[in-house]
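Taking it in order: structure first as structure tokens, then the write-up.
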Amino acid sequence: HGATWSRGWSRPEFYAHTIDLAPSRPSRVYATGWVRGARPALFRSDDGGGDFAMAATDFSGGYMAYIAWVDPSAHDTLLGRADLDPAGARLLRSDDGGATFRSLLRGSSGLVGVTAAPGARRLWASTTALNERIQRSSDGGASWAPVASTLRPRSLRFVNGTLFATANEGAAGMTFACSRDEGDTGTPMLVLSELRGPEGCPAGATVRTACAARWDSVRAQLAMLTR
């Protein structure tokens with residue numbers, strides 16, 4: 001649970017950016033970062049992170065690579081994001097443990113949300129552009145179409161049939177939402193501007209007394225997040 005840590009694998013002049021486990025094989029660990037010469041690289045471990053080997057350095061022209069998602073049902077299948085110079089990003093897919101990647105989608109702005117259903121047939125991706133909807137694929141990334149919802153998420157995660165999304169409330173009107181129809185409609189789950197603070201607690205309640213002294217400060221911080 002993170003209470004104690006021990007020193008693991010290291011490599012001179014490797015600067016890690018993302019790391020993720022393969023749920024179907026916990027001994028499989030993926031890590032991306034920069035190596036000497038500011039080259040992006042993916043490393044793979046099959047002993048739980050005790051040792052890593054370089055798996056790939058080609059990310060379809062991307063100068064930076066990130067692990068976006070690892071298939072919970074297939075340890076060799078993963079999705080990655082690659083930033084492009086001078087702008088834009090690619091969504092990449094590997095089905096051979098990161099040895100090779102192929103491009104599924106290119107965005108004119110950065111990719112911020114990437115997720116998929118187990119088996120990686122149904123995929124979703126969102127960008128930083130405010131005028132672009134979530135893109136959805138039902139054929140493993142061969143073709144894409146925008147969902148009906150106009151939500152512009154900052155992150156995405158698909159779990160047990162539900163698509164969860166976080167967003168900039170100032171632009172989207174909500175901070176956290178979910179969709180049970182694969183993105184076509186969204187239900188707000190958290191709207192910071194609607195939080196009532198201590199006024200929503202019974203008079204005389206301990207929590208109301210404790211919160212009241214700090215509520216003005218917290219409310220000011222929440223207001224900044226909803227602009």
Side-chain angles (χ1 to χ4, degrees), residues 1-8 15-24 26 29-33 48-49 64 66-70 72 79 81 83 89 109-118 124-134 136 147-227:
H1 296 92
T4 61
W5 294 79
S6 60
R7 183 179 178 84
Y15 304 93
H17 292 128
T18 56
I19 188 167
D20 211 339
L21 303 174
S24 64
V29 186
Y30 295 101
T32 64
M64 185 80 77
Y66 310 90
I67 303 164
W69 178 85
V70 181
L79 301 176
R81 298 182 292 117
D83 290 339
S109 56
L111 287 169
V112 289
V114 174
T115 192
W124 295 263
S126 62
T127 72
T128 56
L130 294 178
N131 62 340
E132 293 181 0
R133 298 184 182 186
I134 299 171
R136 180 175 61 202
V147 301
S149 170
T150 58
L151 179 66
R152 309 291 191 260
R154 302 293 296 178
S155 65
L156 293 169
R157 186 62 63 188
F158 186 81
V159 181
N160 296 329
T162 300
L163 183 66
F164 295 94
T166 63
N168 180 328
E169 187 167 315
M174 65 188 77
T175 293
F176 186 49
C178 73
S179 173
R180 293 182 172 83
D181 56 10
E182 301 192 353
D184 285 327
T185 61
T187 301
M189 300 183 71
L190 175 62
V191 181
L192 295 177
S193 59
E194 295 179 356
L195 294 179
R196 297 178 60 193
E199 292 84 357
C201 300
T206 301
V207 66
R208 178 167 183 155
T209 302
C211 289
R214 301 182 59 186
W215 177 237
D216 286 345
S217 174
V218 172
R219 181 165 48 192
Q221 294 178 50
L222 293 177
M224 294 178 63
L225 295 174
T226 58
R227 293 174 182 171

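The structure displayed is predicted, hence computed values, not measured ones.
Relative to the six-membered ring of Tyr66, Arg81 meets both conditions, a distance below 6.0 Å and an angle of at most 45° to the axis.
A distance of 6.0 Å separates CG of Leu190 from CG of Leu195, quoted to the nearest 0.5 Å. Once rounded to the nearest 0.5 Å, the distance linking OG1 of Thr32 with OH of Tyr15 reads 15.5 Å. Expressed to the nearest 0.5 Å, how far CZ of Arg196 lies from SG of Cys211 amounts to 13.0 Å. Here CE of Met174 is found 8.5 Å from OG1 of Thr187. Values are rounded to the nearest 0.5 Å. Atom CG of Leu163 is separated from atom CZ of Arg157 by 10.5 Å, given to the nearest 0.5 angstrom.
With a 4.5 Å cut-off on side-chain heavy atoms, Pro26 and Leu21 do not count as touching. Between Val29 and Ile19 the shortest side-chain heavy-atom distance falls below 4.5 Å. Between Ile134 and Arg152, every side-chain heavy-atom pair lies at or beyond the 4.5 Å cut-off.
For the residue pair Ala165 and Leu151, the shortest heavy atom distance occurs at CB-CD2, 3.7 Å. Between Pro188 and Gly186 the shortest heavy-atom distance is CD-O, 3.9 Å. Nearest heavy-atom pair across Asp83 and Ala89 is OD1-CB, 4.2 Å. The nearest pair of heavy atoms linking Trp215 to Pro198 is CG-CD, 3.3 Å. The minimum heavy-atom distance linking Ala22 with Val70 is given by the pair CA-CG1, 3.7 Å. The shortest heavy-atom contact between Asn168 and Arg154 is N-CG, 3.8 Å.
Among the candidates Pro153, Ser126, Ser155, the single residue satisfying the side-chain contact (heavy atoms from CB on, under 4.5 Å) test with Val112 is Ser126.
Listed by chain and residue number, Asp216 satisfy the salt bridge (Lys or Arg N to Asp or Glu O under 4.0 Å) test with Arg219 (two or more places apart in sequence, or in another chain). The side-chain contact (heavy atoms from CB on, under 4.5 Å) test applied to Ala205 returns Pro202, Val207, Arg208, not counting sequence neighbours.
A donor-acceptor distance shorter than 3.5 angstrom exists from the side chain of Thr18 to the backbone of Ile67, with no hydrogens or angles considered. The main-chain N or O of Ala148 is found under 3.5 Å from a side-chain atom of Arg133 such that the two form a donor-acceptor pair. Proximity of a side-chain donor or acceptor of Thr115 to a complementary backbone N or O of Phe158 within less than 3.5 Å is detected.
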Quick one: side chains of residues 175-182, donor-acceptor pairs under 3.5 Å with protein atoms, not counting sequence neighbours, listed by atom name and distance.
| residue | atom | partner | partner atom | Å |
| --- | --- | --- | --- | --- |
| Thr175 | OG1 | Glu169 | OE1 | 2.6 |
| Ser179 | OG | Asp181 | N | 3.4 |
| Ser179 | OG | Asp181 | OD1 | 2.7 |
| Ser179 | OG | Gly183 | N | 2.8 |
| Ser179 | OG | Thr185 | O | 2.6 |
| Asp181 | OD1 | Asp184 | N | 3.2 |
| Asp181 | OD1 | Thr185 | N | 3.0 |
| Asp181 | OD1 | Thr185 | OG1 | 3.3 |
| Asp181 | OD2 | Thr185 | N | 3.4 |
| Asp181 | OD2 | Thr185 | OG1 | 2.6 |
| Glu182 | OE2 | Arg122 | NH1 | 2.4 |

